[in-house]
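Note on naming: letters A, B, ... go to the chains in the order of the sequence lines (proteins, then strands), and numbering restarts at 1 for each one. Worth saying up front: this structure is predicted, and the values here are computed from it rather than measured.
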Amino acid sequence: MTGYLFLALIVFSVASFMFGRSLARRKAAAQGVRAHSLPAFSGWFVAIWSFIPAAVVLLVLVIFGARLENAIVQSDVPAAVQQLPELNQGLFFQDVRAIANGGTPSTTVYDGELKAAFDHKVAQARSVDSTINLGAYVLTAVLALAGGLLAYTRISPQFRARNSVERWVSVFLVACSVVAILTTLGIILSLLWESLRFFQSVSPLDFLFGTHWSPQIAMRADQVGSSGGFGAVPLFIGTFLIMLIAMCVAAPVGLFSAIYLSEYATPFMRAWIKPVLEILAGVPTVVYGFFAALVVGPSFREFFNWLGAFMPGTPMGEYLMNVQNQMALVAGVVMGIMLIPFVSSLSDDIINSVPQSLRDGSLAMGATRSETIKKVVLPAALPGISGAMLLAVSRAIGETMIVTMAAGLQAKTTLNPLDTVTTVTVQIVTLLTGDQEFDSPKTLAAFGLGLTLFIVTLALNLIAQRIVQKYQEQYD
Amino acid sequence: MKLYTRPLYAPDTSIGKPRDPSMTTTATTPKFVARDVKVHYGDKQALHGIDIDILDKSVTAFIGPSGCGKSTFLRCLNRMNDTIPSARVDGTILLDGEDLNDRKVDPVVLRARVGMVFQKPNPFPKTIYENVAYGPKIHGLATSKEEMDHIVESSLKKASLWNEVSDRLHQQGTGLSGGQQQRLVIARAIAVGPEVILMDEPCSALDPIATAKIEELIDELRQQFCIVIVTHSMAQAARVSQKTAFFHLGNLVEVGNTEDIFTNPKDQRTQDYITGRFG
Ligand SMILES: Nc1ncnc2c1ncn2[C@@H]1O[C@H](COP(=O)(O)OP(=O)(O)OP(=O)(O)O)[C@@H](O)[C@H]1O
Ligand SMILES: [Mg+2]
């Protein structure tokens, strides 16, 4: 119903637009003057006033209508229901809502006094629902008509409809950016709030410096050892290790391909390589993830097993023979491949912003191209490139899909690239997937990890952006 | 500091004699002999056959309206046009009788002999010392720290910059004033021991005082080097050069003694240009 009303409102607004426009035309023609604004602006003006106040009412109804109804229905709880345990009271009202508004009720059977209370509440819910809706609809219609009429009467050749519409345009733009800002603020606040709750049960020091991570133990409150282990150091080390491996792949390959692209490649080669890198950048990370898990992981394992077979009896050989699919090396290498286009396109921009005059200066002294790159271009681009690398690090730390599929789940404090490790992001995923109680330290730990991750990547991004900005100012 | 002539390749003595007798107006030996030099950028022809002799140990000024090909021709003289993918150079340019565009010529060696200074000062983002030492380092001209110090000092002295920077050699070259930067760049070019210094509007980014310093410097450098300077200032051409060449729409219209060009031009177009009627 609300949907239809909204459609009707749109139709009405379109009609108002036309009426407003034609009125403006007729009035201007009748008075034989040139109107201040084009007729379309008068049309927009009437349409805006028909639409916006009414639409706001509808929006409020959609957001708060159900809550208001619940509040009214639950304001007096029948005696029979009061005797129920709290959990079942909630269920009772859930069922009331389901029956009244159309939905799937639970399988609970209410009889006797409860049955009476139930029917009574359903009837009440229905009447409250229709009252609220009716009120809102009437209000919508009144506002649409009144707004439209009021705006309609103001139209005249002297009326500055253009300026008025301009104001609404800026209101609209501001509203959109406010939505973006509020969302960001909301995310940060909820992250902070939930982390705070987590740190009430687990001390931040234990979290940041503890070396024992086993949140699974704390699954149920009545279990032994329900405190679990929330020392996140193994996760930090795992994250760091994988990031390091990824950067070992992405930094040189990305940088050198950027040098090739910006300094050596003919326009023809550039026209081929750039799109390929863009395709690489466009591959969804989940595809990299199963590429890592299904292709790279097994082949790396086979390789190391094969290597181990050459040293039978030695501890090294034994170890290599037992290497598993899931290891830090696989996740790191694949993540590095994912980062190549990122590093390469950032470095390409930065190398291109080194002024041509520096290259000319060096070449004119009889330096070769590679000497020029090594001794002039790269040193000049170094600050910018290090900024680009920091951005890549920050992406590596936040990357989730590849590590989830290829790194493993075991929290180990190790720097061995052949071992399975786990990362902050992987743990957030495992903590929150599946049916979870929202209040246990286990799920709240995800917020603690999320906050840590957020702070680290934010800091990295800020530093990197400052460096890149400083660098580019230098050559403006 | 060692100044030596590095042969571009085994000299070919059969070529190198000027063809056009009217061009050999002085007795001094020409450093460059250019014949029928044509340059295309893609399909667009920028130079339509330039014939000119450029004398050693003197200053030659290139003048002409914007876009007439002065820079293009200057870049032919040390093959900087090689760095522009679309550029194609035809014709002969002899440096001390050897053809620059010969396949056997290594442009890297050539550019060490024919240095270049650009319109905007372009010191590397390194220290003053490193800027000057850059060329000698890549060409391996110094075998010890002392030798390098000596090259740096004498180059800066020749560029009349030593007195101003001797106490801050290890500060950034980009921190100098525009005029100082331009002299630093000249010192950098001198440090590799070139025989020729090409300058493309070296003063157009400088104030009058810095310009006067550079002009003074050019006059001193003339004793040792062959200097070619592109300029938009008639007054500057008249002050610093002995020979002036007037370019117009990709052609060399007139070349001769600076005095003659400015007092008694033969061509109407030259006359119009120096009296400011176009360009
Ligand atoms: N890299 C290039 N690619 C294509 N065309 C070029 C290039 N450089 C110069 N040209 C063209 O060649 C012609 C000569 O240019 P050139 O730079 O030699 O002129 P100029 O006499 O130095 O002018 P100015 O006094 O403005 O510096 C111009 O028409 C110019 O558009
Ligand atoms: Mg020029």
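Of the possible polar contacts, one joining the B:K126 side chain to the A:K375 backbone as a donor-acceptor pair under 3.5 Å is found.
When the salt bridge (charged side-chain N to carboxylate O under 4.0 Å, His left out) test is applied to B:K44, no partner is found at least two apart in sequence or on another chain.
Annotation for B:R111 and A:L363: closest pair CD-O, 3.1 Å, computed over non-hydrogen atoms. Taking all atoms of both residues into account, the shortest heavy-atom contact from A:A367 to B:I138 is CB-CD1, 3.3 Å. Taking every heavy atom of both residues into account, B:V108 and A:G366 meet most closely at CG1-O, 2.8 Å.
No part of B:K137 comes within reach of chain A, as not one of its non-hydrogen atoms sits under 4.5 angstrom from that chain. Of the atoms belonging to B:V117, not a single heavy atom falls under 4.5 Å from chain A. Contacts of A:T266 with chain B are absent, with no heavy-atom separation under 4.5 Å from either backbone or side chain.
Annotation: A:Y264, atom OH; neighbour count of heavy atoms from other residues, nucleotides and ligands within 6.0 Å is above 12. The environment of B:Y41 atom OH is dense: over 12 non-hydrogen atoms of other residues, nucleotides or ligands sit within 6.0 angstrom. The number of heavy atoms from other shown groups lying within 6.0 Å of CZ (A:R466) does not exceed 12.
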Exercise for the section: Kindly determine whether B:R188 and A:M365 satisfy side chain to side chain contact (heavy atoms under 4.5 Å, CB included), including the steps that lead there. Expected result: CA-CA 8 Å; B:R188 188 174 76 185; A:M365 305 197 48; 3.4 Å; yes
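Residue pairs meeting the ring pair (Phe, Tyr, Trp, His ring centres under 6.0 Å) criterion with at least one member in residues 89-128 of chain B, sequence neighbours excluded: B:F124-B:Y134.
The CG atom of A:D360 sits 8.0 Å away from the CD1 atom of B:I84 when rounded to the nearest 0.5 Å.
For the pair B:P123/A:L358, no side-chain contact is recorded, criterion being any heavy-atom separation below 4.5 Å from C-beta on.
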